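Worth saying up front: this structure is predicted, and the values here are computed from it rather than measured.
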Amino acid sequence: SLHDALPILLADITQNLGKINLHGNRASSIVKSMLEHSRTSLGNAELTDLNALIDEYLLLSYHSFRAKDKSFNATMYKDFDQNAGKIKIVAQDFGRVVLKLFNNAFYAVNVAVGTKGSGYMPTVSVRTHRIPASTGERVEIRIKDNGTGIPEAIAAKVFQPFFTTKPTGQGTG
């Protein structure tokens with residue numbers, strides 16, 4: 001009867017509303033970050049929590065990639081040095097750089113899915129490490145993927161502005 005089915009229907013509606021809210025908030029976060037990237041930088045360097053910034057852009061990149069391709073999946077490894085602390089950077093400009101690196105990493109592992117066989121596990125890793133030095137401290141950031149790799153002939157061109165090997169509409173380098 002309808003009376004017996006009502007609690008089940010209400011539970012389904014509640015669960016669906018939760019999913020709608022979650023994905024709506026995720027989309028809002030992605031749009032907000034994209035709008036921040038489109039603004040011209042004022043060049044004001046501020047003390048910024050490096051690990052939090054990198055983590056935010058890693059997740060932004062992953063979720064925006066999944067928004068375009070629901071079947072995409074990758075394992076993410078994060079190894080953040082808790083001593084990395086805050087560093088003085090222009091967060092928007094720096095964020096754009098790491099976002100590009102993460103986007104390229106996810107693109108490379110996605111392309112590799114079709115070429116590396118059934119045992120392949122797409123993986124993107126990021127590591128921060130504070131290095132004390134006599135000339136001043138620095139933080140090393142390593143972003144690594146197990147995707148298709150960069151052929152030697154192309155590696156020399158990667159620092160040319162707008163150089164890309166991606167098909168039209170997939171990125172500007």
(message) Do Asn73 and Tyr62 pair up side chain to side chain, a donor and an acceptor below 3.5 Å, judged on atom types alone?
(response) yes
(request) Can you measure from CG (Leu53) to CG (Leu99) and round to the nearest 0.5 angstrom? (result) 10.0 Å
(request) Spell out, as yes or no, whether a donor-acceptor pair under 3.5 Å connects the side chain of Thr123 to the backbone of Met121. (result) yes
(request) Flag the pair Glu140 and Arg138 as a salt bridge only when some basic side-chain nitrogen lies within less than 4.0 angstrom of an acidic carboxylate oxygen. (result) no
(request) Classify the side-chain pair Asp81/Thr128 by whether it contains a donor and acceptor separated by less than 3.5 Å. (result) no
(request) Mark yes or no for whether Glu46, through its side chain, and Asn44, through its backbone, hold a donor-acceptor pair below 3.5 Å. (result) no
(request) Identify the heavy atoms of Leu47 and Lys88 that sit nearest to each other, and give their distance. (result) CD2-N, 3.9 Å
(request) May I ask you to decide if Asn83's main-chain N or O and Arg130's side chain share a donor-acceptor pair within less than 3.5 Å? (result) yes
(request) Please name all residues satisfying ring-ring contact (aromatic ring centres under 6.0 Å, His included) with Phe94, sequence neighbours left out, ordered by chain then number. (result) none
(request) Compute both the distance and the angle, then confirm whether Lys70 meets the cation-pi test with Phe72: under 6.0 Å from the six-membered ring centre, within 45 degrees of the axis. (result) no
(message) Would you say that Asn110 contacts Phe65 through its side chain, given a criterion of any heavy-atom pair below 4.5 Å between the two side chains?
(response) yes
(message) Once ring-ring contact (aromatic ring centres under 6.0 Å, His included) is applied, do any residues pair with Phe102, and if so which ones, sequence neighbours excluded?
(response) none
(request) Over all heavy atoms of both residues, which pair between Ser64 and Ser61 is shortest? Give the atoms and the distance, please. (result) OG-O, 3.1 Å
(message) Please check: side-chain N/O of Tyr120 versus main-chain N/O of Asn146, any donor-acceptor pairing under 3.5 Å?
(response) yes
